[in-house]
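Below you'll find the structure, written out as structure tokens, and then a few comments.
Atoms considered below: every heavy atom in the structure, side chains included; atoms not considered: hydrogens, waters and symmetry mates. Note on naming: letters A, B, ... go to the chains in the order of the sequence lines (proteins, then strands), and numbering restarts at 1 for each one.
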Amino acid sequence: MFVFKRVVSVRGIIVPQCTSLSVRMFSACHCLTSPKRQSPYSSVDSERYSSLVKSVMSSRVSSQTPESLQAEDEHVFGPVVKAQTPSLSSSSGPKMRVPKTLHPFLHCQENPETDDLEQGPPARIALNRGQGRSSVPSVTRILQQTLSLDQIFYLERWRRKMIAELGEEGFKEYSQNLFRQGKLFHSALEDTLVSGGTQQNQSPSERPEYPTEVQGCMQSVSHILEDVRAVRAIESTVHHGTLNYLGIADCVARYRGVLCVIDWKTSEKPKPFLSNTYDNPIQVAAYAGALNNDSNYKYQVENGLIVVAYKDGSPGHAHQLKPELMQEYWKTWLVRLEEFTEQRSSHVSSAALEKR
DNA sequence: GGATCCTTCTTCTTCTTC
């Protein structure tokens with residue numbers, strides 16, 4: 001009966017008591033998008049269930065209330081993670097929504113593309129939160145707090161599924177291991193790139209020893225690292241002077257001769273397409289835009305690169321983001337930044353009201 | 001010295017039929 005009621009409510013026949021939450025969540029779980037499929041309810045004996053249909057369709061006799069529907073929603077989907085303005089954007093590619101203010105991706109200054117800048121060790125500007133930057137939001141925080149409803153839904157569904165399989169403790173351990181692997185992978189890359197381990201003339205004995213846990217990942221990206229040269233920055237803080245956000249870029253280097261902001265990722269699932277990387281391209285565009293507007297860096301970066309490594313050592317994927325695509329993702333980033341700022345200001349004003 | 005920050009990852013429909 002429960003399912004039947006839901007089907008009536010999502011086939012375009014409006015049940016008056018249906019909460020907006022129900023509609024939003026059904027939209028989120030894509031129940032509204034299967035026009036080609038024959039409804040499994042088409043074979044239902046409609047005469048036999050006519051009184052039931054009437055009771056569901058009638059606003060007078062229904063026993064449902066917004067409260068009971070919300071309780072049902074919570075039972076099926078879990079509690080609402082947080083209230084959020086639905087994003088028109090999708091995480092799988094450049095977004096449709098346009099930023100209110102189109103801040104330039106590149107800084108208007110001459111780009112001194114000289115070999116001099118490629119001499120010497122790579123920059124590594126440490127994050128210094130002490131110098132009046134304690135309230136400057138980070139790229140990761142902004143992206144996390146402006147996830148679309150779709151993303152929140154699928155992430156939450158995945159989390160619940162994993163907890164059902166592994167238990168709370170098991171899931172915690174699993175997540176910690178993933179983070180640990182990611183961190184070790186970053187450290188191994190750092191060691192490799194700083195010691196010039198991408199040079200083809202380097203013998204295996206000269207290459208750094210990697211922890212067992214990341215040997216597969218390093219093997220996975222070895223063919224990509226061969227094309228990485230002239231490392232200019234590693235794990236270096238970038239701060240956008242005008243937009244006032246910061247982050248730590250994994251690497252700035254030349255990939256196949258092109259200067260890129262590089263982001264290293266480990267993944268359990270194959271990610272052969274850029275669309276498999278969710279918000280990663282936005283993250284890269286955000287770092288590049290910050291770097292281009294950070295006086296600590298005397299050059300501009302127009303390209304991006306996302307490198308995905310696999311633990312089993314299978315060939316990793318390198319997703320290049322050319323300038324046109326970076327500009328598109330930059331716009332998406334500006335939208336997310338605007339959303340974050342709006343959230344923040346509404347939070348501040350409601351907190352001020354509460355104080356009164 | 002403790003607390004906090006930035007990262008590190010995680011998502012994308014699913015079943016039937018040939």
Side-chain angles (χ1 to χ4, degrees), chain A residues 10 25-40 43 77-78 81 87 89-93 124-145 147-166 170-190 211 213-214 217 234-239 245-251 261-284 286-287 290 306-311:
Chain A
V10 300
M25 294 311 285
F26 263 89
S27 172
C29 74
H30 291 200
C31 289
L32 296 167
T33 57
S34 53
K36 287 180 185 172
R37 287 180 66 183
Q38 178 100 21
S39 165
S43 58
F77 304 111
V81 178
S87 171
S89 57
S90 126
S91 61
S92 58
R124 193 200 190 98
I125 300 171
L127 176 67
N128 193 346
R129 280 293 203 176
Q131 296 167 339
R133 282 186 176 179
S134 56
S135 63
V136 180
S138 72
V139 172
T140 305
R141 195 169 134 212
I142 293 163
L143 288 176
Q144 270 179 351
Q145 294 197 8
L147 288 170
S148 69
L149 285 174
D150 276 12
Q151 286 176 297
I152 293 170
F153 174 81
Y154 287 119
L155 283 167
E156 181 60 16
R157 189 179 67 167
W158 170 82
R159 197 182 70 86
R160 281 164 188 258
K161 198 179 126 201
M162 293 299 283
I163 290 174
E165 278 175 27
L166 307 172
F171 177 67
K172 203 174 160 188
E173 200 183 324
Y174 166 79
S175 304
Q176 282 171 347
N177 281 336
L178 281 184
F179 285 161
R180 184 181 146 78
Q181 182 184 270
K183 285 176 183 174
L184 284 171
F185 177 55
H186 276 71
S187 301
L189 282 163
E190 225 176 296
E213 287 160 282
V214 289
C217 288
I234 275 196
E235 297 289 333
S236 200
T237 303
V238 290
H239 174 235
Y245 69 87
L246 57 73
I248 299 173
D250 284 349
C251 182
V261 166
I262 306 176
D263 206 43
W264 315 112
K265 299 286 175 194
T266 59
S267 177
E268 299 214 303
K269 282 186 184 175
K271 291 182 176 168
F273 306 110
L274 183 66
S275 59
N276 299 133
T277 63
Y278 299 97
D279 285 347
N280 294 166
I282 308 173
Q283 189 186 8
V284 171
Y287 289 150
I306 298 165
V307 176
V308 187
Y310 307 109
K311 199 181 177 182

Would you say A:K265 reaches B:dT8's phosphate, i.e. side-chain N/O to OP1/OP2 under 4.0 Å?
yes

Under 4.0 angstrom between A:T266 side-chain N/O and B:dT8 OP1 or OP2
no

First locate atom CG of A:L127, then atom NE2 of A:H239, and finally report the distance between them rounded to the nearest 0.5 Å.
10.5 Å

Let me know the distance between CG of A:L166 and P of B:dT10, rounded to the nearest Å.
14 Å

With heavy atoms under 4.0 Å as the rule, sort A:D250 into base, sugar-phosphate or nothing.
sugar-phosphate

Can you identify which nucleotide, out of B:dT11, B:dT10, B:dT7, has its nearest atom closest to the A:S267 side chain?
B:dT10

Closest listed nucleotide, where the reference is the side chain of A:L127 and the choices are B:dC5, B:dT10, B:dC9:
B:dC5

At under 4.0 Å, does any side-chain N or O of A:K271 touch on OP1 or OP2 of B:dT10?
yes

Under 4.0 Å, heavy atoms only, any strand: does A:L155 hit a base, just the sugar-phosphate, or nothing?
base

Starting at CG of A:D150 and ending at C1' of B:dT10, how long is that distance when rounded to a whole Å?
16 Å

Which whole-number value in Å describes the distance from A:R159 CZ to B:dT11 C1'?
13 Å

So A:Q176, base contact, sugar-phosphate only, or nothing? Heavy-atom distance under 4.0 Å.
nothing

Spatial distance of atom CD (A:E213) from atom NZ (A:K183) [nearest 0.5 Å]
12.5 Å

Hey, does A:E268 reach any base, or is it just sugar-phosphate, or nothing, if we go heavy atoms under 4.0 Å?
sugar-phosphate

Could you pick out which residue, A:A249 or A:W158, lies toward the 5' side of DNA chain B when each is mapped onto its nearest nucleotide?
A:A249

Of all the nucleotides listed (B:dT13, B:dT10, B:dT7), which has the minimum atom distance to the side chain of A:S138?
B:dT7

Of the listed nucleotides (B:dC9, B:dT8, B:dT11), which one gets closest to any side-chain atom of A:L178?
B:dC9

Look at the side-chain N and O atoms of A:Y174 and state whether any lies under 4.0 Å from the OP1 or OP2 oxygen of B:dT8.
no

I want to check something: taking the side chain as every heavy atom from C-beta on, are A:L189 and A:V214 in contact at a cut-off of under 4.5 Å?
no

In whole Å, I'd like the distance from the CG atom of A:L184 to the P atom of B:dT7.
19 Å

Interatomic distance where OH belongs to A:Y310 and P belongs to B:dT10 [whole Å]
10 Å

Would you kindly give the CZ-to-C1' distance between A:F171 and B:dT10, to the nearest whole Å?
7 Å

A:E213 CD to B:dC9 C1': how many Å, rounded?
15 Å

For the atom pair NZ (A:K265) and CG (A:N280), what is the distance rounded to the nearest 0.5 Å?
4.5 Å

Please work out whether the ring planes of A:Y174 and A:W158 are parallel, tilted or perpendicular, with thresholds of 30° and 60°.
tilted

Nearest-Å distance, CD (A:Q144) to C1' (B:dT10)?
11 Å

Taking any heavy-atom pair under 4.0 Å as a contact, classify A:F273: base, sugar-phosphate, or nothing.
nothing

Determine whether A:L147 and A:D279 satisfy the following criterion, side-chain contact (heavy atoms from CB on, under 4.5 Å), listing intermediate values before the conclusion.
CA-CA 9 Å; A:L147 288 170; A:D279 285 347; 3.7 Å; yes

Are B:dT8 and A:F179 stacked, with the base six-membered ring and the side-chain ring centres under 5.5 Å apart and planes under 30°?
yes

